[in-house]
Amino acid sequence: MSSVLDQRPAPAAAGPRPALPRRTRVLALPEARWALAALVLFLLALPLHLLGAPGWLWGTLFAATYVAGGWEPGWEGLKALKDKTLDVDLLMVVAALGAAAIGQVLDGALLIVIFATSGALEAIATARTADSVRGLLDLAPSTATRLLPDGTEESVDAAQLTVGDTILVRPGERVGADGQVLDGAGEVDQATITGEPLPVAKQAGDEVFAGTVNGTGALRVRVERDPADSVIARIVRMVEEASGTKAPTQLFIEKIEQRYSIGMVIATLAVFAIPLAFGDELRSALLRAMTFMIVASPCAVVLSTMPPLLSAIANAGRHGVLVKSAVVMERLGQIDAVAFDKTGTLTEGTPRVTDIRPLPGSALAEDEVLALAASAEHPSEHPLARAVVDAARERALALADAGDFTSVPGQGVTATIAGHTVRVGSPARLLPADADPAHQKAVRELEDAGRTAVAVLRDGAPVGVLGIADRLRPDAAATVAALTRLTGRTPVLLTGDNERAARHLAAEVGITDVRAGLLPQDKVTAVREWQEQGRTVLVVGDGVNDAPALAAAHSGIAMGKAGSDLALETADAVVVRDELATLPTVVNLSRTARRLVVQNLAIAGVFITALVAWDLIGTLPLPLGVAGHEGSTVIVGLNGLRLLREAAWTNTAKDTA
């Protein structure tokens, strides 16, 4: 995959930066076009063949199916053969042609269509991941406002910024580069980088990251990193590197297909040549060799793997888990360690009012404190303000009109409500240093419980404190417990959020190993450390900041509802409805599918051994050989399809409960 960092236009290019394509069209991929052509031709030929139409008609369409779906893998196989590698592409094409040579034209065409479709799906998945990586560049602004020494401003391409430049970031703008705030105050939404659910107050001396959004207040920022080395640029590189260096994944049977295929080819030639050398007739030797090739071909072995895994994928899909490939479904059953993101994964990702505490001497009830705060916060667009207003609406409280509304970044809001001056904001800024110990205790208790404390003052006197937190998903604790039983290890929490909030949430769900305050590269480092220790790691996340870890892990699962495009495309599977309880079920379903694969391989092995022995020791009639071969294929196929039943998911879920 080419680096998306190289796809920026040159800084000197005139005019606006052209928009990067967000999504590759499916039919723009040659693999998809040829697979579609093969499928259409097959569907045209099939009814003609079954209804007894003239052979030249359906034969021509089947031949076109072979060409459309088989020429590309056949060509790739020949190139591999030139490099002295027996590629599965070539073997599949040869198997299809062999089936046609003995009159099984329909079977060969179906094999070609399935093989071409599989290649197309792989190409589409690769293209989608590349699209999402390129889409990361949209997070970083194309231009920035640079301040010149004489105080004037100029708009420049963000790629032209250099270390030491000073830029102006107005409210609502994205930060143009990683740097340090020189002057001003604002509240910056940096969820894309750290995963923190709430905007972070920034003032002189604080660090800001390219691509984060300045919500309120203007900031003057000194550029501290070259744009090509910003955190967002490093996320791009990490995703690309992890995707490129991740060990090639193969289904179980693919790990032995090279040796099996080479052995089958050699054995077929031997079965043909040895009797011929001892005086057997050409026709007899050829027929025996052809029968051997059919009964020894790995069709039943290949079908031993795919139906159980594809059935498991279909069943998981019906229950809201999109598993992207059979390889992924197989790998999920291998995990023995789990790492969770916090915000948007174990939690809902939306701040909510959890506590309302009227302070002594205020003479106000809970609803009165909340209504007062919500009336003052109503004009604000801050996430905390929306949480307060939403809480008041849930209680059907009447809100008064707010006059003289002002908002100060990092401090809070001030408004006139029914003739009273009401202030709502940070206790550290609004409560005096010598505040009533009871007031300080209320704030401390909320903060110790992992809440964000919000003070409410009326005419300068504190009247209440609100506790606001990101709400835990209702099935989080049960999911952590189930995964602990499945893997033998308690999951780990990897988050960019602060230590206190992370540890409080971890205690609620039963997690003891907490890594807080992490940047994306820190999450990748943690995953790789576990992998070096021999662990098979599953990472569960939802944000851009989780994408590098999702790519680096053995398996990655993204939360679907609020997940970023990059996380959804990078992950191996997606929980579409954000139901955490499906995670242990799909892991256990994968393990069930793997057990069925082993059963099927045993069945296929018995059939192949018996038929091959019959052909070599005695004389196996060709029709009987075909029947035995096809019979074993049907048996393993039906055995694998058992996982399509609703009971398969239900029973698996019970096993994890």
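Position 1 is the first residue of the sequence, and the numbers go up from there.
Checking side-chain atoms of Lys324 against main-chain N and O of Val574 turns up no donor-acceptor pair under 3.5 Å. Panel note: side chain Gln531, backbone Ala552; a donor-acceptor pair is recorded below 3.5 Å. For Asp572 (side chain) and Val328 (main-chain N/O), no donor-acceptor pair under 3.5 Å exists by modelled atom type.
Rounding to the nearest 0.5 Å places CG of Asp546 at 5.5 Å from OG1 of Thr345. Going from atom CD of Gln521 over to atom CG of Asn545 covers 10.5 Å, rounded to the nearest 0.5 Å. In this structure, CE in Met559 is found 6.5 Å from CG in Leu583, a value given to the nearest 0.5 Å. To the nearest 0.5 Å, atom CG of residue Asn639 and atom CD1 of residue Ile603 are 5.0 Å apart. In this structure, NZ in Lys523 is found 12.5 Å from OG1 in Thr525, a value given to the nearest 0.5 Å. The CG atom of Asp475 sits 5.0 Å away from the CG atom of Leu580 when rounded to the nearest 0.5 Å.
Taking 4.5 Å as the limit, every side-chain heavy atom of Arg528 sits out of range of all side-chain heavy atoms of Val537. Side-chain contact check for Asp341 versus Asp542: some heavy-atom pair is nearer than 4.5 Å.
With sequence neighbours excluded, the residues forming a side chain to side chain contact (heavy atoms under 4.5 Å, CB included) with Thr650 are Glu646, Lys654, listed by chain and number. The ring pair (Phe, Tyr, Trp, His ring centres under 6.0 Å) check on His49 picks up Trp58, Phe62, with sequence neighbours excluded. In terms of the side chain to side chain donor-acceptor pair (under 3.5 Å) criterion, Arg645 has no residue partners (sequence neighbours excluded). With sequence neighbours left out, Leu276 forms a side chain to side chain contact (heavy atoms under 4.5 Å, CB included) with Phe272, Leu282, Ala285. Partners of Ala526 according to the side chain to side chain contact (heavy atoms under 4.5 Å, CB included) rule, which considers only residues two or more places apart in sequence or in another chain, are Leu494, Arg515, Trp530. Scanning for side chain to side chain contact (heavy atoms under 4.5 Å, CB included) contacts around Glu532 gives an empty result, with sequence neighbours left out. For the salt bridge (Lys or Arg N to Asp or Glu O under 4.0 Å) test, residues two or more places apart in sequence or in another chain that qualify with Arg489 are Asp336.
Pairs passing the side chain to side chain donor-acceptor pair (under 3.5 Å) check and including a residue from residues 583-594, sequence neighbours excluded, read Thr592-Arg595.
Summarising the geometry of Val105 relative to Tyr66, their closest heavy-atom pair is O-OH, 3.0 Å, with the distance given to 0.1 Å. Closest heavy-atom contact between Arg642 and Ala648: O-CB, 4.1 Å. Of all heavy-atom pairs spanning Val527 and Ala549, the tightest one is CG2-CB, 4.3 Å. When all heavy atoms of Pro491 and Leu483 are compared, the pair lying nearest together is CG-CB, 4.2 Å. Considering every non-hydrogen atom in both Ala312 and Ala593, the closest pair reads CB-CB, 4.2 Å. Considering every non-hydrogen atom in both Pro584 and Thr479, the closest pair reads CD-CG2, 3.8 Å.
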Q | Worked verdict on Thr65 versus Val113 for side-chain contact (heavy atoms from CB on, under 4.5 Å) | A | CA-CA 8 Å; Thr65 302; Val113 169; 3.8 Å; yes
Q: Show the numbers, then the answer: is there a side-chain contact (heavy atoms from CB on, under 4.5 Å) between Leu332 and Ile557?
A: CA-CA 10 Å; Leu332 284 172; Ile557 297 180; 4.1 Å; yes
Q: Starting from the C-alpha separation in whole Å, work towards a yes-or-no answer on side-chain contact (heavy atoms from CB on, under 4.5 Å) for Ile511 and Leu346.
A: CA-CA 11 Å; Ile511 292 177; Leu346 289 175; 4.0 Å; yes
Exercise answer: donor-acceptor pairs, residues 33-48 side-chain atoms, under 3.5 Å, sequence neighbours excluded:
residue: Arg33; atom: NH1; partner: Leu27; partner atom: O; Å: 2.9
residue: Arg33; atom: NH1; partner: Ala28; partner atom: O; Å: 3.2

